[in-house]
Q: 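My structure is below; once you've seen it, I'll send some questions.
These numbers were taken from a predicted model, which means no experiment stands behind them.
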Amino acid sequence: MEQNNSYFGELADGIKTLATGLKVTLKEYFSPKSTEQYPENRKTTLHVAKRHRGRLVFKRNEDGSYKCTACTLCEKACPNGTIKITSEMREDPDTGKKKRHLIDYRYDLGDCMFCQLCTNACNFDAIEFTNDFENAVFDRDALVLHLDKEVYDGGSLPQLIDGGAPLTIGKFNTKTK
């Protein structure tokens with residue numbers, strides 16, 4: 001390829017580059033648009049990956065009791081101190097031995113880095129991240145959760161824990177329902 005160092009050669013190269021950019025822009029401008037209507041259609045079209053880390057919740061037994069034994073491994077593993085566990089030693093009436101009892105499990109969702117170090121450190125499989133992502137509030141104090149006192153019911157969207165609506169790549173529902 002020969003170099004065109006003349007004034008008119010450089011001008012032609014500039015116009016060619018400009019035309020290439022305009023071609024891409026005009027092609028995109030006239031192509032049909034797809035817009036996902038959020039939050040109106042979030043119950044029918046929103047897909048959230050199952051592995052998305054949205055918030056921390058307690059896993060519960062069949063009888064509704066939590067699995068946490070207040071061992072504080074998750075609190076120690078948390079790099080920025082979003083988990084604060086309050087516990088006390090109580091005597092177990094069955095065995096007569098002293099056992100740690102959970103009083104409060106405080107989780108600050110606003111400070112969480114969602115690194116999952118707490119769930120990896122938990123030997124009792126008592127906590128997990130769900131893919132519930134709608135955590136917007138007007139007051140930061142509302143992001144401080146007491147996991148031992150709340151029972152997580154799956155969030156505001158149907159089948160959110162299973163991933164929400166089925167994933168269809170390249171196809172969006174743009175009608176409001």
Side-chain angles (χ1 to χ4, degrees), residues 35-169 172-174 176-177:
T35 304
E36 189 165 347
Q37 300 295 326
Y38 182 84
E40 292 85 11
N41 280 358
R42 68 178 189 234
K43 289 184 177 14
T44 58
T45 63
L46 181 67
H47 177 79
V48 181
K50 289 182 186 179
R51 67 179 181 270
H52 173 75
R53 300 176 198 155
R55 63 170 286 188
L56 192 68
V57 295
F58 264 2
K59 287 185 176 180
R60 302 276 177 169
N61 294 323
E62 292 80 27
D63 61 352
S65 64
Y66 48 80
K67 298 179 179 181
C68 183
T69 60
C71 66
T72 69
L73 285 174
C74 55
E75 181 180 16
K76 292 173 186 169
C78 184
N80 59 346
T82 61
I83 298 172
K84 302 284 187 226
I85 297 175
T86 308
S87 63
E88 68 180 7
M89 296 298 284
R90 288 188 185 167
E91 189 172 318
D92 190 12
D94 298 333
T95 61
K97 295 181 181 178
K98 287 198 171 193
K99 189 176 177 182
R100 189 179 300 264
H101 179 71
L102 180 68
I103 295 175
D104 187 34
Y105 192 101
R106 183 180 167 272
Y107 167 62
D108 192 350
L109 181 63
D111 288 341
C112 186
M113 296 188 319
F114 307 101
C115 62
Q116 207 170 5
L117 290 175
C118 56
T119 59
N120 294 339
C122 184
N123 289 334
F124 301 98
D125 195 31
I127 55 176
E128 69 177 341
F129 275 99
T130 65
N131 55 0
D132 189 0
F133 64 95
E134 291 185 329
N135 298 313
V137 292
F138 288 106
D139 185 18
R140 260 184 89 76
D141 293 335
L143 293 174
V144 177
L145 307 172
H146 299 276
L147 299 186
D148 58 319
K149 294 168 182 61
E150 72 170 22
V151 177
Y152 181 74
D153 60 352
S156 58
L157 299 175
Q159 300 99 22
L160 181 70
I161 295 175
D162 300 326
L167 176 64
T168 53
I169 297 174
F172 296 100
N173 184 357
T174 58
T176 304
K177 291 186 180 179

Q: Are C118 and I83 side-chain neighbours, meaning at least one heavy-atom pair lies under 4.5 Å?
A: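 Sidechains of I83 and C118: in contact.
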Q: Is the closest side-chain heavy-atom distance between I85 and C74 below 4.5 Å?
A: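 SC-SC contact between I85 and C74 confirmed.
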Q: Rounded to the nearest 0.5 Å, what's the gap from NE2 on H52 to CZ on F129? Could you check?
A: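 Reported to 0.5 Å precision, the distance equals 10.0 Å.
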Q: With heavy-atom distances below 4.5 Å as the criterion, would you say the side chains of T69 and N123 are in contact?
A: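 The answer is no, as the side chains (C-beta and beyond) never meet within the 4.5 Å cut-off.
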Q: Suppose the criterion is salt bridge (Lys or Arg N to Asp or Glu O under 4.0 Å): which pairs have a residue in residues 77-104, not counting sequence neighbours?
A: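 Output for this query lists E88-R90, D104-K149.
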Q: Which value, rounded to the nearest 0.5 Å, describes the distance between M113 atom CE and C78 atom SG?
A: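 The CE atom of M113 sits 7.0 Å away from the SG atom of C78.
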Q: Filter on salt bridge (Lys or Arg N to Asp or Glu O under 4.0 Å), then keep only pairs touching residues 65-83, sequence neighbours left out; what's left?
A: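 Sorted pair list comes back empty.
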Q: Nearest heavy-atom pair of C68 and L102: which atoms, and what distance?
A: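 What the structure gives for the nearest pair is SG-CD2, 4.1 Å.
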Q: With no hydrogens and no angle check, is any side-chain donor or acceptor of N80 less than 3.5 Å from a backbone partner on D111?
A: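 Checked: pair present.
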Q: What's the separation between atom CZ in R53 and atom OG1 in T130, rounded to the nearest 0.5 Å?
A: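 Between atom CZ of R53 and atom OG1 of T130 there are 12.5 Å.
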Q: Determine whether a donor-acceptor pair (N or O, by modelled atom type, separation under 3.5 Å) exists between the side chain of N61 and the backbone of D63.
A: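 No, N61 side chain to D63 backbone: no donor-acceptor pair under 3.5 Å.
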Q: Could you grab the distance from atom OG1 of T82 to atom CZ of F114, nearest 0.5 Å is fine?
A: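 Answer rounded to 0.5 Å: 9.0 Å.
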Q: Supply the atom-to-atom distance Y105 OH to I127 CD1, rounded to the nearest 0.5 angstrom.
A: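 Atom-to-atom, Y105:OH and I127:CD1 are 3.5 Å apart.
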Q: Would you mind reporting whether R55 and L145 have side-chain heavy atoms less than 4.5 Å apart?
A: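 In short, these two side chains touch, coming nearer than 4.5 Å.
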Q: Assign the ring pair Y66 / F58 to parallel, tilted or perpendicular, where the plane angle (0 to 90°) is split at 30° and 60°.
A: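 Plane angle between 30° and 60°, so tilted.
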